[in-house]
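Atoms within each ligand, like the ligands themselves, are counted from 1 in listed order.
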Amino acid sequence: MNIHEYQAKELLVAQGIPVPMGEVATTPEEAEAIARRLGGAVVIKAQVHAGGRGKAGGVKLARTPEEAKEKAGAILGMQIKGLTVHKVLIAPAEDIASEAYVGIILDRASKAPVWMVSAAGGVDIEEVAVTDPEKITKLAVDPRFGFLPHQAYLLATKLYSDVKQQRAAAQILLKLYRAFVEAGASLAEINPLITTPAGDVKAIDAKFNIDDNELFRKPEIEALRDESSDPEAEVMARDAGLTFIKLDGNVGCVVNGAGLAMATMDLVKYYGGEPANFLDIGGSSNPEKVVNALRIITGDPAVKVILFNIFGGITRTDDVANGIVTAMKQIDISVPIVIRLTGTNEEIAVKILADAGFTALTDMDEAVEKAVQMAKGAGAS
Ligand code: GDP
Ligand code: MN
């Protein structure tokens with residue numbers, strides 16, 4: 001789950017990290033009123049679940065409340081990486097002497113939280129990682145012991161030469177680690193962590209990704225979810241109880257079981273195609289799930305073919321076949337459909353589908369290859 005910058009900053013403030021806090025506005029008039037309350041120059045920041053807002057024109061400075069109104073008006077409603085801006089954060093503008101990057105991610109390779117810090121902050125850290133990897137210091141945290149103060153000081157010395165700033169940064173890192181753990185985050189970063197001309201160290205941007213599997217035990221974090229900022233397909237899938245992940249390809253996949261869904265995507269790639277999504281409809285034969293799945297997949301204009309891959313174990317494939325037939329009656333589909341179905345009651349299932357005018361295959365390779373060919377044919381025409 002993604003949360004907004006202003007929500008991430010609230011998590012930092014709760015740990016005592018110095019953050020120039022502002023308020024959120026949804027209209028230019030609100031932005032003006034907030035700027036007036038804050039007094040002085042402000043920064044107006046698009047609240048969308050995407051980075052690189054600065055470059056996209058979603059971060060602007062304003063010296064007066066009138067200017068704040070005008071700039072908020074320009075940012076509200078704008079599109080950043082395909083997401084519409086519904087909210088802006090109005091925060092006191094800071095004078096910046098330096099910008100650093102500090103972030104912690106859950107790293108699968110190390111099987112541990114790993115810190116990345118760099119004195120070269122403000123810009124895309126991914127870019128620094130490519131062009132100047134030596135400017136990034138990494139440190140894995142042993143979860144048995146947690147993140148220790150001496151480690152925080154070591155990292156802080158990579159950011160600043162001034163001892164006071166090193167101490168301040170070490171405290172911030174320790175607090176950020178606590179926020180990371182308490183939120184159940186898979187990523188927590190401050191970029192930039194600034195120094196001011198007066199020498200203070202502050203966080204002026206924050207980003208958290210929350211591990212969805214943590215949400216059931218963290219209702220206070222779940223409450224931060226902003227559905228209006230999530231891609232529509234993801235919201236629909238979540239509401240329908242489907243595990244759906246949008247990908248960039250054109251072969252829409254409807255599969256029962258996460259393992260089979262992964263294998264299906266592998267096979268699509270093997271035959272030279274690109275899956276449009278990961279989707280596990282579960283063991284259910286519920287037609288409604290199939291309808292919802294089809295609605296979500298056909299909502300993506302990139303999809304050129306829909307591939308069903310159903311394996312019946314405990315699930316009876318005749319139930320699924322009935323689900324598919326019912327679903328097809330309810331929803332209009334303009335792309336070709338390839339159905340592969342095997343397992344319990346397969347003969348009955350194939351007959352049900354044949355009676356409804358669908359050809360059902362039982363061989364997975366054959367079905368996937370056919371779907372990939374159809375997607376390619378559609379692409380060429
Ligand atoms: P991002 O582009 O989405 O990462 O948004 P940021 O909040 O990191 O802002 C991008 C850049 O805008 C920062 O790296 C700063 O250089 C600049 N910026 C953001 N807030 C302020 C501010 O209060 N004062 C000044 N002078 N610059 C700011
Ligand atoms: Mn940033």
Side-chain angles (χ1 to χ4, degrees), residues 2-13 17-25 31 34-35 37-65 67-68 71-72 74-76 78-105 116-129 131-132 135-136 159-160 169 172-173 176 179-180 185 187-209 226 229:
N2 290 311
I3 60 174
H4 289 300
E5 173 196 2
Y6 77 92
Q7 297 169 316
K9 282 180 166 173
E10 281 163 6
L11 299 179
L12 301 188
V13 168
I17 293 176
V19 178
M21 269 314 269
E23 287 175 55
V24 173
I34 294 166
R37 263 202 300 284
L38 291 173
V42 295
V43 57
I44 298 153
K45 311 182 73 180
Q47 299 298 290
V48 283
H49 296 156
R53 295 164 302 165
K55 271 190 211 150
V59 178
K60 290 188 157 68
L61 290 165
R63 277 154 307 184
T64 62
E67 204 184 334
K71 301 239 163 113
I75 295 175
L76 284 163
M78 126 188 223
Q79 295 263 336
I80 298 178
K81 295 182 182 165
L83 299 163
T84 307
V85 181
H86 301 295
K87 293 179 193 168
V88 287
L89 173 65
I90 317 296
E94 292 291 329
D95 285 333
I96 299 177
S98 74
E99 302 193 29
Y101 173 94
V102 301
I104 183 156
I105 55 155
M116 282 192 285
V117 305
S118 177
V123 289
D124 260 346
I125 198 66
E126 288 85 356
E127 231 171 272
V128 180
T131 54
D132 304 287
K135 287 190 182 162
I136 299 177
L159 300 176
Y160 306 118
I172 290 172
L173 290 170
L176 180 58
F180 168 82
L187 171 148
E189 66 175 34
I190 298 173
N191 186 29
L193 180 69
I194 62 159
T195 57
T196 63
D200 296 329
V201 183
K202 299 181 184 179
I204 66 165
D205 187 19
K207 178 176 155 90
F208 276 64
N209 290 343
D226 176 5
S229 291

Does any non-hydrogen side-chain atom of Val13 lie less than 4.5 Å from one of Met21?
yes

Determine whether Lys207 and Glu5 make a side-chain contact, defined as any pair of heavy atoms from C-beta on separated by less than 4.5 Å. no

Test your reading of the model: is there a side-chain donor-acceptor pair from Lys81 to the backbone of Gly51, 3.5 Å cut-off? yes

Contact (N/O only, under 3.5 Å) between Ala93 and ligand 1
no

Quiz item: Right, does atom 17 (C) of ligand 1 have protein non-hydrogen atoms nearer than 4.0 Å?
Solution: no

List the atom pairs, donor and acceptor, that lie under 3.5 Å between side-chain atoms in residues 86-97 and the rest of the protein, sequence neighbours left out.
residue : atom : partner : partner atom : Å
Lys87   : NZ   : Tyr6    : OH           : 3.0
Glu94   : OE1  : Lys202  : NZ           : 3.0
Glu94   : OE2  : Lys202  : NZ           : 3.3

Q | Donor-acceptor under 3.5 Å (Lys9 side chain, Ile204 main chain) | A | yes

**Request:** Looking only at distances, please establish whether an N/O atom of ligand 1 is found under 3.5 Å from an N/O atom of Asp205.
**Result:** yes

The atoms of ligand 1 lying under 4.0 Å from a heavy atom of Lys45, numbered in the order shown, are 6 (P), 7 (O)

Closest to atom 26 (N) of ligand 1 (heavy atoms only, candidates Lys202, Lys60, Glu94, Glu99) is Glu94

Do any N/O atoms on Lys55 end up under 3.5 angstrom from N/O atoms on ligand 1? no

A student checking ligand 1 against Gly54 at a 4.0 Å heavy-atom cut-off should list atoms 1 (P), 2 (O), 3 (O)

for atom 28 (C) of ligand 1, nearest protein heavy atom and its distance come out as Ile96 CD1, 3.7 Å

| Is a side-chain donor or acceptor of Ser118 paired with a backbone partner of Tyr101 at a separation under 3.5 angstrom? | no

Other residues, nucleotides, ligands: >12 heavy atoms within 6.0 Å of Arg37 CZ
yes

A student checking ligand 1 against Ile204 at a 4.0 Å heavy-atom cut-off should list atoms 19 (C), 20 (N), 21 (C)

Protein-side N, O or S atoms sitting under 2.8 Å from the Mn ion (ligand 2) are Asn191 O, Asp205 OD2

- Using modelled atom types only, decide if a donor and an acceptor are shared between the side chain of Lys71 and the backbone of Leu61 within a distance under 3.5 Å. yes

So for Asp95 against ligand 1, with non-hydrogen atoms under 4.0 Å, the contacting part is neither

(Q) Any heavy-atom pair between the side chains of Val48 and Ser229 that's under 4.5 Å? (A) no

Distance col, row Phe180:CZ vs Leu173:CG, nearest 0.5 angstrom, shows 13.0 Å

Ligand 1 atoms nearer than 4.0 angstrom to some heavy atom of Val43 are 20 (N), 23 (O)

Has the side chain of Asn2 got a donor or acceptor atom that lies under 3.5 Å from a matching backbone atom of Asn209? no

In this structure, atom 5 (O) of ligand 1 is nearest to the protein heavy atom Arg53 NH2, 3.1 Å

Only one of Lys45, His49, Glu10 passes side chain to side chain contact (heavy atoms under 4.5 Å, CB included) with His4, and that residue is His49

If you scan protein heavy atoms around atom 12 (O) of ligand 1, the nearest is Val59 CG1, 3.9 Å

